[in-house]
Amino acid sequence: MAAIAKVIVDVPTMQTDQPYDYLIPADLAAVVKPGMRVVVNFGKGKREVTGMVVDLAEEPEFAGEVKPIVSVIDLAPVLTPEMLALSSWLATSTFAFRITSIQTMLPAMMKANMEKLAIPVAHSEAVQAMFGQQPALNIADITDIVQLKQLMALEQAGEVETVYRVAKKGHAKHVIVIDSLVTEANHDEFLASVRKGATKQIALLDALLAFSNSQKRPTTTEVAAEFSRAQLNQAKAKGWLKLTEQEVYRNPYPEQFPATQPKTLTADQSQVVDQVVAAVSANRAETFLLEGVTGSGKTEVYLQTMAAALQAGKTALMLVPEIALTPQMVNRVKGRFGSQVAVLHSGLSDGEKYDEWRRIARHEVQVVVGARSAAFAPLDNIGVIIMDEEHETSYKQEDNPRYHARDVLAWRSRFHHAPLVLGSATPALESRARAQKGVYTLLNLPNRINQRPMPKVAIVDMRAIGAELQGDFSPALLQALQTRLDRHEQSVLLLNRRGFSSFVMCRDCGFVKKCPNCDISLTLHMDTHRLKCHYCGHEEAIPTTCPNCGSRQIRYYGTGTQKVETTLKTLLPEARILRMDVDTTKKKGAHAKLLKQFGQHEADILLGTQMIAKGLDFPDVTLVGVINADTALGLPDFRASEHTFQLLTQVSGRAGRADKPGEVIIQSFNPEHYAIQFAQHHDYEGFYQQEMFLRHQGDYPPYYYTVKATISHEDENEAAKAAFSLAKSLKSALGDDTIMLGPTPGSIARLKNRYYYQIVLKYKQPDHLVTVLNTLRDQVQTSSRQGFQISFDREPQSFI
DNA sequence: GATACGTTGAGG
DNA sequence: CTCAACGTATCT
């Protein structure tokens, strides 16, 4: 029997990011297993922390005193061996702490809260006055400063002790079910025992009789409006009913879903399904890139491959971007697989997430659909993994651990020997390039279902309009909107909010000032009134006239949805407008509600930001307008063209999904830009070729991997010095094939009184770099003074 | 992250 | 000399 447990403690710092040896007490010997959370003493004081058992051993590795485990939190492991291994890989590959990785795999509700308690040890008068009958005081609850000071004095005097304890949170939800014992036979007998005029009791008896007759077992909460708990308890004492406590799952989707039948596949679709299913049957961890135009029936392909995995007695995991996880989407999956489905996304409450998580862990479901974090769904025996809209940037987590869901899924695909399907109409360049190299198997769905044509895309040159421009609307777009209003058809208007007001553009010629060294747009800094390059640190004054055409119309560019809505209301007073942006969708369920309203034709125009580009399918939408296609193009981001192309293609696919032909109007200051040109012709492959050429020229991904190192300190000089010394060490440790940019000050150079500097590395050999960065990080931490924070972000989404 | 324990420096 | 204030090594 193992005597030692290797425990990762919940203290997320660099120095404690390693397993600690703890003695397993004899009475817990048979209980403690890897994957269980435990409570241990850590450090010198009486401090309890939670930890995760990651391994067992016969003998301690640590030479010093080994403390015993205080208690176990779980009765069964909450992490499978797979998840423990995954957490270890995640920590090293993202430079995150092991405990942080572990915590992202568990539902938020399982994160234990610590409470700091004051416990009396003497019985003095002062202690009596402070505590009264209470055995302990929770220090966090004490708001009175005077009381707090008294308590501190008592601790000094040794009359009070402070202790850290792990506070267990409420976990499973329980309901109390009412079993009626009232029958036709005994109803009158019970009635006779009740005092005359006791209307409530008589009503309760009648209700109970009704429950018996209809075989209903209501819960106490369901009848709370009519009968209080006190009344029910009394009735229980009289033998009218039985109360039983029952654990329930919170059901976030209580409605019944209309069952959907598998659709007949087109020849293209069957070919794709056959290839993936072959990999499922062969237990082959093959990665497929499914490139399918909007409307080509990718979802049906997903559903049928998942069905095949289930048929083989396996499970299926499907990731969808948060904003695409609409009720429409969920209905479709639940309709096909019914109660075998668990749904995980950020819209659920912590309790709901916990319950869905447990249903998965207990093997009660075979299919999981969810957003990014669902990549860690505790599914066993996975047969197929699907990632829809694989190019979506929301798959990358922007705080620690900075993982990309695609990498996590690839890991799990290898672990389970199950195929991974990456699907998109506009794959990320990295993915498409891997398919080119044969790392991924490329699958194509080039045609729309029912041979529907792609919508016609018109581009309006905003530079040529001048005085006829009304707000942000060209005459052509206004005219098209008016036509839809007359025909009682609907329109979708996209306002590209990316890069709002962060750069300077000429209103006359569309010129955007670029960095002379990096060929990347300069970012506007309002604090210093200068333009800066976030790659190399180049800086210059804001021009007053356009360097290209001499116009004075060069200014900050940007527009908000609210402003557009106001102009639109004056231009088209009879139009009913629905605005969808971060402001109007903040509340839970607001997103779904707005879409439903629009689906029921309660508005003529849906105006919104990127979020309207996905997951909506309305037959009456025949016009899609893009108010400003260019905003993202001005961003200091080498992926700007890619994102613009993806967004325009995506939103174009929203027009004319039914029998009515669709029209797309794109307003642009750069109509000849290749991203806009290729989007106009729905030409992903053309865009891919062109963009790859430019990436090659600029030494950008996918030709190079990238990593962003950020170093910060309270003192600006220290931060700068550390950044430059880090740069120096990097230069000597890395080969000539690594390109280093910076150090430059962070875009928000000061944040929470800390100064940030960053270095961007472009490199070819990922394994070597990970090793170098990991050792360097440890060196910086130990050899130099404290006060530094250093973090690495692999394949960052933003370089500013 | 929290703690005990070291080193400093002002006040007596 | 005392004590608090600050810095820092350590946690199994």
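Throughout, a chain's letter reflects where its sequence line sits, starting with A, and its residues are numbered from 1.
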Rounded to whole angstrom units, what separation is found between the [atom1] atom of [X] and the [atom2] atom of [N]?
| X | N | atom1 | atom2 | value |
| --- | --- | --- | --- | --- |
| A:Glu59 | C:dT12 | CD | P | 19 Å |
| A:Leu56 | C:dT12 | CG | C1' | 15 Å |
| A:Asp10 | B:dA2 | CG | C1' | 13 Å |
| A:Arg98 | C:dT12 | CZ | P | 20 Å |
| A:Gln15 | B:dT3 | CD | C1' | 13 Å |
| A:Arg47 | B:dA2 | CZ | P | 6 Å |
| A:Gln789 | B:dG1 | CD | C1' | 13 Å |
| A:Ile4 | C:dT12 | CD1 | C1' | 9 Å |

With the threshold set at 4.0 Å, does a side-chain nitrogen-carboxylate oxygen contact exist between A:Lys353 and A:Glu356?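 Salt bridge: no.
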Using a strict 4.0 Å threshold on nitrogen-to-oxygen distance, state whether A:Asp350 and A:Lys111 make a salt bridge.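 So A:Asp350 does not pair with A:Lys111 through a salt bridge.
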Nearest-neighbour nucleotide for the [X] side chain, [options] considered:
| X | options | value |
| --- | --- | --- |
| A:Asp21 | C:dT10, B:dG1, C:dT12 | C:dT12 |
| A:Lys67 | B:dA2, C:dC11, C:dT12 | C:dT12 |
| A:Thr16 | C:dT12, B:dA2, C:dC11 | C:dC11 |

Quiz question: by atom type and distance under 3.5 Å, do the side chains of A:Arg794 and A:Thr94 form a donor-acceptor pair?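 Side-chain D/A pair, A:Arg794 to A:Thr94: absent.
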Considering every strand and a 4.0 Å limit on heavy-atom distances, what is the contact class for [X]: base, sugar-phosphate, or nothing?
| X | value |
| --- | --- |
| A:Glu61 | nothing |
| A:Val11 | base |
| A:Phe42 | base |

Relative to each other, are the rings of A:His404 and A:Tyr395 parallel, tilted or perpendicular (30° and 60° limits)?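 Plane angle between 30° and 60°, so tilted.
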Would you check if A:Tyr20 stacks with the base of C:dT12, given a 5.5 Å centroid limit and a 30° plane limit, both strict?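 Given the distance and angle limits, no, they do not stack.
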Between A:Asp21 (side chain only) and A:Phe62 (backbone N and O only), is there a donor and an acceptor less than 3.5 Å apart?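 Confirmed, A:Asp21 side chain pairs with A:Phe62 backbone.
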